[in-house]
Amino acid sequence: MTIIAKTSHVHNLQSNLSRSTLIYDKNGTKAGGLYSQKGTYVSSQKISPNIPNAILSTEDRNFYHEHGFSVKGYGRAILLAIGNKIMGRNQISGGGSTISQQLAKNTFLSQQQTLSRKFKELFISIEIENLYSKKQIITMYMNNAYFGNGVYGVQDASRKYFGMDAKNLPVQDAAVLAGMLQNPSNNPIDHPEAAKQRRNVVLELMAENGKISKSELKNYQKLPLGTKDTFKVKDGYKYPYYFDAVINEAISKYGLTEKQIMNDGYKIYTNLDQQQQSSFQKDFKNPELFPQNAADGTKVQAASVAVNPKNGGVQAVVGGRNKDIFRGFNRATDIKRQPGSTMKPLAVYTPALENGFNYDSKLVNKKLSYGKNNYTPNNYNNQYSGKVPMYEALAQSMNAPAVWTLNKIGVNKGYESVQKFGLPVTKKDDNLALALGGLSSGVSPQQMAGAYTAFANHGQVSKPFYITKIVDSTGKTVGKHESSPSQIMSDDTAKQMTSMMMGVFDYGTGATAKPSGYQIAGKTGSTEADNSKDADATRDKWLVGYTPDVVVATWEGFDNTNSSHHLENLSGTGVNTLYKQQMEQIIPYTKQTPFKTQDAATLVKEKDKQNKHSSSKDKNDLAGKVQDFSKNVEVGAKSVAHNLIDGARSLLGR
């Protein structure tokens, strides 16, 4: 128990309680705060003495004469615990906690009524008494106590119920607050009669404790409740999906608890881009950017995430179109859906380029069957051209050439490539269906955005993350992000992939999603709704696009897909309207770094033009050489003729 008390960071308690946890964006600017169990902290000078007089008279009259615990109180607790044990109940019933014990329970422990928790409370309360003065302890308690209606601390409670600051609270109103500590539901707004009765009991206790006279007692008890609400809720949770993700990462990666994060006054520095986050949230509230709801009113859901490709920092995230729920389901990070054709660049074309293919290599575009199970991929339009250049196959999202290519280079090379991109595949996925995004489980938009950072950043992949640094209330750094991008392909391969994926937006399946005036690269994707008779019924639609400055992945679909809840048009254009809007709002605020390559189709045209020019030059050179040769022959022939004539004349003597 001593070790628990000594390692509970009691020395940070005052700084923790007096500060709210704040979240900062990528520029170090405050973006919001976390206020669970946090009121407006005020010093003892800004609290009317009537409030501690009422609280101590009710909760702990011996506060100034004990060292954090009551011997009588613990005696009662032990006797009650023995009785409960005999009755088969592993709990305690009351026990008369002191102010220091209540502070320890509220800030370090759960509310579970067990004997072990009670002893932890005892040792921590003693440690609190060792480190802080009585005045500091009662001030911390008053600022941390709960007063119902989501209100913590005497300052906010005074505003909520009486419309004034805590420093101005009169005796009768202070008694109301003290009376709410044991049962916050008995507040003057929700249960005025119960609050008044409890107030009068507290006033009697104050009289017994010598804080008010007998005559004052009668006068105060006759007064009506003067309820007035001027409390304004602090809404620092401006970016709910982002802040939820920050809390989740602080718990999973840095070992903090939700209670610590919400109450201990941390400064959490993140990759948040407030402009991008605000635009995401605004777009998701615009129904015109989404398909119509299902016949029963069920909304089409969606999720988007924006990532910095240079380091993997998540700059914005929205996980659905629902009403915000604290740490609720976030589709951007939590869903596991089939990625469809967004997998082709990762599983097929990147390893193909790394194994001897080029962006303009000719691929077989025929309806073929593979393996013992006759796996037969179909192009969306059931049209096959015999052969097609790789860049066109990618831009038009053709299935047959993708599977043929994966089969050609070897399925295992594609499987290993997907692993390098950081996607969660298993041995069950080591088959040709991988080319078309057929996974045994699935991926999230955040994972897909992370994978595509490699194309935007010279072949280096980065794992998405939110928190850059966590500083506690004393200024000590307790957590810091430490990881760097990993080179998974050559810079040349990344450049060729980008040139091919530009075509997706220039003339391919993502043409209607291309932001006006900007060049982006990426891939569309969609999956079939197997349980629908509609040939165009679609389960998932994806769009993952990027510039050298930002990667944005967006998913769209129903949470539960069935015959009456599915998207239309398997070609993957449904999500394009939303995506175009998102990129047009984001790109202007980035550095707008240009790609160091051109669309593959343009490269091919230039290549053909150069070849034609070279061929024409070669022909001209050949013709010139022939002409020169002819002239030389003619000159030579004339010379020979002249020599023969001169020789004949010499022989004839002429």
Side-chain angles (χ1 to χ4, degrees), residues 241 276 279-294 298-307 316-322 330-333 335-345 380 394-397 436-437 442-449 451-452 501 503-516 518 520-529 534 536-547 550-559 561 565-587:
Y241 280 110
Q276 293 181 14
S279 69
F280 269 11
Q281 292 182 185
K282 182 179 179 181
D283 291 341
F284 270 65
K285 291 178 181 178
N286 183 358
E288 294 182 2
L289 297 176
F290 295 89
Q292 290 185 343
N293 297 341
T298 303
K299 284 183 178 180
V300 173
Q301 282 299 335
S304 292
V305 60
V307 174
V317 63
V318 173
R321 301 175 67 202
N322 304 74
N330 185 338
R331 292 167 187 81
T333 58
I335 62 169
K336 300 295 179 187
R337 304 292 281 247
Q338 304 298 310
S341 292
T342 58
M343 184 63 80
K344 290 173 183 174
Y380 170 68
L394 190 155
Q396 300 299 341
S397 202
L436 308 183
V443 294
S444 68
Q446 182 169 294
Q447 288 171 326
M448 291 305 294
Y452 273 68
M501 286 192 281
V504 171
F505 294 95
D506 287 346
Y507 58 87
T509 53
T512 57
K514 184 176 181 178
S516 300
Y518 301 102
I520 64 173
K523 188 72 185 73
T524 61
S526 57
T527 64
E528 294 182 29
D534 185 349
D536 275 343
T538 306
R539 183 174 187 263
D540 308 282
K541 289 183 179 179
W542 293 83
L543 238 169
V544 188
Y546 61 92
T547 72
V550 66
V551 180
V552 177
T554 296
W555 166 87
E556 191 174 273
F558 283 94
D559 285 336
T561 305
H565 298 87
H566 61 259
L567 303 171
E568 298 292 344
N569 191 353
L570 192 61
S571 63
T573 57
V575 73
N576 291 16
T577 302
L578 171 64
Y579 199 83
K580 175 180 167 66
Q581 174 89 346
Q582 290 177 319
M583 294 305 267
E584 286 179 351
Q585 292 174 334
I586 288 176
I587 296 176

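The first residue of the sequence shown is numbered 1, and numbering continues consecutively from there. What you are looking at is a predicted structure, and each value in this text was computed from that prediction instead of being measured.
Of the possible donor and acceptor atoms, none in the side chain of R321 sits under 3.5 Å from a partner among the backbone N and O of A302. A donor-acceptor pair under 3.5 Å is formed between the side chain of E584 and the backbone N or O of S516. The backbone N or O of G545 sits less than 3.5 Å from a side-chain atom of Y579, completing a donor-acceptor pair. Of the possible donor and acceptor atoms, one in the side chain of T527 sits under 3.5 Å from a partner among the backbone N and O of D540. With hydrogens and angles disregarded, no donor-acceptor distance shorter than 3.5 Å links the side chain of Y241 to the backbone of A303. A donor-acceptor contact shorter than 3.5 Å is absent between the side chain of Q585 and the backbone of Q276. A donor-acceptor pair under 3.5 Å links the side-chain atoms of S444 to the main chain of Q447, judged by distance alone.
Shown here is K282, whose NZ atom has no more than 12 heavy atoms of other residues, nucleotides or ligands within 6.0 Å.
Distance check, rounded to the nearest 0.5 Å: CD of E556 to OG of S304 gives 9.0 Å. Rounded to the nearest 0.5 angstrom, I586 CD1 and I520 CD1 are separated by 10.5 Å. Atom CH2 of W542 and atom CE of M343 lie 9.0 Å apart (nearest 0.5 Å). Distance check: N576 CG to T524 OG1 gives 7.5 Å after rounding to the nearest 0.5 Å.
Taking the six-membered ring where tryptophan is involved, the planes of F290 and F284 are perpendicular, since the angle between them exceeds 60° and thus also 30°.
Between L394 and K523 the shortest side-chain heavy-atom distance falls below 4.5 Å.
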How far apart are the C-alpha atoms of T509 and S397, what are their side-chain angles, what is the distance that settles it, and do they pass the side-chain hydrogen bond (donor to acceptor under 3.5 Å, both in side chains) test?
CA-CA 7 Å; T509 53; S397 202; 5.1 Å; no
